[in-house]
Every structure is written in structure tokens, then in C-alpha cells.
Amino acid sequence: MKGQKEMKLEKKTQTYNEIWDDLVAFRSLMLALALCISFMAGGYFLAPNQAPYSLFMGLGGALTGFVISSFLIKPKRIVIEEK
Amino acid sequence: MTPVLILQMILAAFAATAIYTVVGAIPGADETATLAPVTLVLILAGLHPAVVLAFFMAAIVACKLIDAVPVSVAGIPAGVMSTPLVPHALILKAHGKTDESIRKIASGALVGTLVSIPVSLLLASFIIPYADAIKSYGGTLFFVGAIFLALMSKNKVVALISILPLAILIQGLRQFYWSVGAVPEGTNVFVSIFLAITIGPAILSLLELLNPKIRADKQVLKKNEIRLEALDHLSRVPNPFKILTKKELGLSAIASAVGSFLFILSPVGITVFLGELVASKEKDPVEKAKLALTSMEALAQGTYISGTIIPLLAIGIPLTPMAMGPANPLFNAPPVLTLENNLHHMLSFDTFVVATLIGAVIASVITFYLAVRFSRQISKLVFKYIPHEALIALFMALVLLLAHMDGGFVNVIGVLIIGLISGLFHRLGVSYGVMFMALYAAPWIMETFF
């Protein structure tokens with residue numbers, strides 16, 4: 001399940017790019033951005049107009065996008081624990 | 001002070017620690033937004049003011065300390081105060097030292113708290129008369145700070161050149177927002193600009209990647225190897241004095257003490273300035289990053305505590321950014337507390353000391369233990385399962401959110417502009433410290449030079 005959608009995205013590009021000291025696959029990055037920003041905007045604009053609601057719902061949206069992206073995208077890291 | 005009251009304070013401190021250790025780790029959950037309302041509710045609910053104070057002190061300590069985790073593991077600041085730590089934490093992350101980053105930050109926090117409490121309590125009455133004088137020199141101090149940090153960086157000329165353009169850009173945009181009506185006249189947009197500078201290099205890289213040719217030119221075929229260093233046996237009770245080197249210990253203690261003196265000025269500004277100043281004493285990039293993290297965190301805790309305690313103890317009027325922000329309900333919570341009758345008037349010196357100590361010590365110990373004990377596990381989990389794409393996307397979404405909240409859609413574009421320029425300067429070798437100082441000094445620079 002995890003990574004399958006991503007494998008379709010990355011079929012053509014199994015290359016990575018560096019951004020902010022770590023590696024990403026460009027199309028996965030676009031997917032993650034689309035998810036986080038749209039959920040964030042959804043929460044933010046749909047929130048009632050009162051003080052902290054728009055912040056929290058926008059935040060909640062961004063976090064939702066974050067969680068979904070974490071399931072759909074595989075990290076481009078190999079973790080090696082030195083003994 | 002009865003034993004019952006002391007017990008209530010202890011319980012309040014535990015509750016605050018439990019809540020804010022979790023809440024504090026969430027990126028975008030700003031202290032002012034999450035702590036002030038809760039404090040207000042507690043006061044209005046009739047809790048004894050000393051209990052609320054203990055709750056508050058525990059909350060800010062826990063909230064700040066736990067930031068060590070998202071900052072180290074993902075490079076995402078869970079609060080504005082943690083933003084200056086991000087670049088240094090990323091250096092450690094690139095060397096596979098993420099869990100060490102967590103431990104260093106957590107230990108710095110402990111040192112900062114330990115130093116700042118007595119300093120604040122002792123100095124409260126002496127410092128207040130000088131508060132106005134210090135405040136009036138704020139702009140000058142930050143401008144000098146910018147020049148100083150520029151002269152200490154590797155690319156001195158570029159760094160010096162960057163100060164005025166950045167200041168003009170920021171002030172220009174701020175005044176533009178006023179004339180367009182996006183922001184009430186006189187209000188300076190701040191948080192989103194600060195974040196824009198931090199995220200600058202990432203925005204620049206992102207826009208570059210949209211160009212397929214550049215993407216292809218810069219591509220990498222191998223996955224990133226993250227080496228987690230072999231852990232020397234972590235004793236059951238993590239000891240901050242073992243985690244920190246003598247240099248780190250000493251310098252962060254001094255930093256926290258000095259930061260407490262400068263309580264009247266912006267906590268973040270002081271954190272950046274003194275933190276970078278202290279870190280410049282170290283040449284090796286990895287050691288420098290560790291020193292920066294430790295002292296910045298110690299400073300941050302120091303300014304939190306002094307910024308709350310000194311006005312409360314000495315005068316009862318919210319003078320500091322901390323007092324005007326998250327701690328405001330302690331000064332003003334009608335109908336229970338007003339500027340004529342608040343914690344300053346209601347609590348004796350002894351009660352202040354006890355409440356502060358209970359809150360700060362309980363939170364420090366618990367959150368420190370959690371962060372350090374589980375630093376390796378947390379790092380591993382994030383490295384293995386959380387993709388960098390998701391982290392970047394989350395951070396970008398947050399910046400956009402805060403940008404819109406600060407000044408509407410026009411500010412979103414403004415943030416993009418500032419991000420690009422800062423990203424460019426950063427790539428040319430200008431450090432974040434110089435750019436942050438330029439931001440702080442911007443209004444003063446405009447007044448003085450133009």
C-alpha cells in the first residue's frame with residue numbers, strides 16, 4: 001500500500017533532488033505540497049470567523065495533509081545505525 | 001502558604017507539563033495562542049493566583065524544551081523562539097547527530113532555567129528603573145548586532161552589503177501593507193517575515209526545481225545515508241552536566257544570565273544575537289552548531305522566565321514581550337485581575353519564589369527526561385517513516401497560513417519576495433543571524449538613515 005502511488009509517480013524519475021539538507025523526489029514533493037496547502041486552506045477558510053478557530057483549523061488541515069503525505073510517500077533515506 | 005496550596009501548585013505544574021509537552025511539539029502552536037487563553041480561563045475559574053503562576057511557569061518551560069524534538073528531527077520550529085535554532089540543528093542532522101541535537105538543546109534549556117530563576121528573582125527590583133533606558137537603545141543594539149555578526153562571518157563584505165537592502169525591503173513592504181490597508185497602520189508584520197527569512201533557501205531551491213533543466217542538472221541518484229552514531233551508554237538518569245561540555249555549560253549559563261538582564265528586549269532578537277555571538281567562539285562547524293543550539297536554548301528559556309518574572313515581581317505592569325503576550329492574563333484578567341490588582345499585588349515574594357520553582361523545576365525535569373531518554377527512538381522513527389517531502393510541505397503550508405493571518409494575501413506574496421531575497425543572500429554566504437538582526441533593526445535603520 002505504502003509507496004505504491006508514489007511508485008507510479010516516480011516511474012519516470014528515480015532521481016532525487018536536494019532541498020534543505022535532505023533528499024526529495026520532485027513529484028512527491030509536489031504531491032505533498034498540494035495536499036498540505038489545500039487541506040490547510042480548506043480548514044482555514046471554512047473556519048468560523050472567531051479568533052483562534054481559523055488558526056487551529058488551518059493548522060489541523062496542514063497536519064492532515066502531512067499525515068496523508070507521510071503514508072503515501074516513502075522517505076529517501078537509508079538509516080544506518082552504527083554499533 | 002499552606003501545604004494544601006503547595007500541593008495544588010505541584011499538581012498544576014504536573015498538569016501543565018503533561019499538556020504542554022504535547023502541545024509544544026506541534027509546529028505552529030504558538031505560545032501566545034495556546035497558553036494565554038488557558039491561563040485566562042484558569043484565573044477566571046477562581047484558582048489561587050500562585051497555582052496559576054506555577055501552571056504557567058511549567059507550561060512555558062515544557063513548551064519550549066520539547067521544541068528540541070521537531071527542530072532537531074525535522075528542522076521545523078514548533079514556535080517562533082525555536083526558529084533561530086533550525087539552521088544549526090540541520091547541520092547536526094546532516095551529520096547524523098539528530099539525537100545529540102535533542103540532548104544538547106534539552107540540556108541547554110535546563111541550564112538556562114537554572115541560571116535565570118535566581119538571576120530574575122534577585123534582579124527584579126534593581127533592573128526595572130533601567131528598563132526604559134535599555135528599551136530605547138533596542139534599535140541601535142540590533143543594528144550594531146547586525147554589523148558585528150556580519151564582521152564575524154566568513155563573507156564579511158556580502159554580509160555587510162545585505163543589511164540595508166533587506167531592511168529597506170522589509171520596511172518598504174510593511175509600509176506598503178499600511179497604505180493598501182492589509183494591516184492596520186502602525187502595526188509591524190513580524191512573525192511571517194521572520195519565518196520567510198528562515199524558509200528563504202528552501203523557497204529558492206523549490207523554485208529552481210520547477211525548472212526541469214536545473215532539476216536534471218542537480219539530480220542525485222543515491223538515497224541519503226543517515227548514519228546514527230553508536231550511542232555511548234546513556235545512563236538511566238540523563239545528566240545534563242555530562243551531556244554538555246564545559247564550554248557549552250559555561251557559555252550557555254552566561255548567555256542565560258545576560259539574556260535575563262536584557263529582559264526588556266525582544267526574546268528572539270536577543271537569542272539570535274547572543275547565540276550567534278557565543279557560537280562564533282567555535283570554529284569547527286559541528287561543534288559550533290552544538291554550542292549555538294545549547295546557548296540559544298538557554299537564552300530562550302532565560303528570557304521567557306525573566307520576561308515573565310521581572311515585570312510581575314517588580315512592578316505589576318506588562319513591560320516585556322513575554323508579559324504582553326502569553327503572560328498577559330497574569331497581569332490583566334478582568335474582572336478577577338486588573339492592572340491595579342494582579343499577581344504583583346496579590347503574591348508575596350516567597351510565594352513567587354515557590355510557585356516559580358515548583359513550576360519550572362517540575363517541567364524541566366520531566367520534559368528533559370522525556371526528550372533525552374527517547375531522543376534516539378524519536379529520531380529513528382522520524383528518519384524511517386516521515387518523508388522529507390511531507391516535512392517541507394507542512395512547513396510551507398504553515399508559513400502561508402501565518403502569512404495570510406498576519407497581512408492577508410498581499411503578505412503571502414510579500415513573504416515570497418522576502419524569502420527569495422533572503423534565500424539568495426543566504427546562498428551568497430550571509431548568515432541567518434545577520435538577516436534576523438537586519439529585520440529587528442529595520443524600523444530604526446529607516447528612521448536613522450532615510
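Ala25(A) and Glu389(B) get closest at one heavy-atom pair: N-OE2, 2.9 Å. Listed here is the closest heavy atom pair of Pro75(A) and Tyr385(B): CG-C, 3.8 Å. When all heavy atoms are compared, the tightest approach of Leu401(B) to Gly58(A) is CD2-C, 3.8 Å. Of all the heavy atoms in Ala397(B) and Met40(A), the pair that sits closest is O-CE, 3.3 Å. Across all non-hydrogen atoms, the minimal contact from Leu23(A) to His388(B) is O-CB, 3.7 Å. Scanning all heavy atoms of the two residues, the minimum distance from Phe66(A) to Ile386(B) falls at CZ-CG2, 3.6 Å.
In this structure, Phe45(A) has its ring center closer than 6.0 angstrom to the ring center of His404(B).
Note that Arg77(A) lies outside the cation-pi zone of Phe383(B), set by a 6.0 Å cut-off to the ring centre and a 45° limit from the axis.
Rounding to the nearest 0.5 angstrom, the gap separating the CG atom in Leu394(B) from the CG atom in Leu35(A) is 12.0 Å. Summarising the geometry, atom CG belonging to Leu391(B) is positioned 9.5 Å from atom OG belonging to Ser69(A); distances are rounded to the nearest 0.5 Å.
Among Leu33(A), Ile37(A), Ile19(A), the residue with the largest count of heavy-atom pairs under 4.5 Å with chain B is Ile19(A). Among the candidates Gln219(B), Glu208(B), Lys93(B), the residue making the largest number of heavy-atom pairs closer than 4.5 Å to chain A is Gln219(B).
Residues Asn17(A) and Val220(B) are not in side-chain contact: their nearest non-hydrogen atoms beyond the backbone lie 4.5 Å or more apart. The closest side-chain heavy-atom distance from Ser70(A) to Pro387(B) is below 4.5 Å.
Residue Phe409(B) places its CZ atom among 12 or fewer non-hydrogen atoms of other residues, nucleotides or ligands, all under 6.0 Å distant.
For chain A, no part of Leu204(B) is nearby; none of its heavy atoms comes within less than 4.5 Å.
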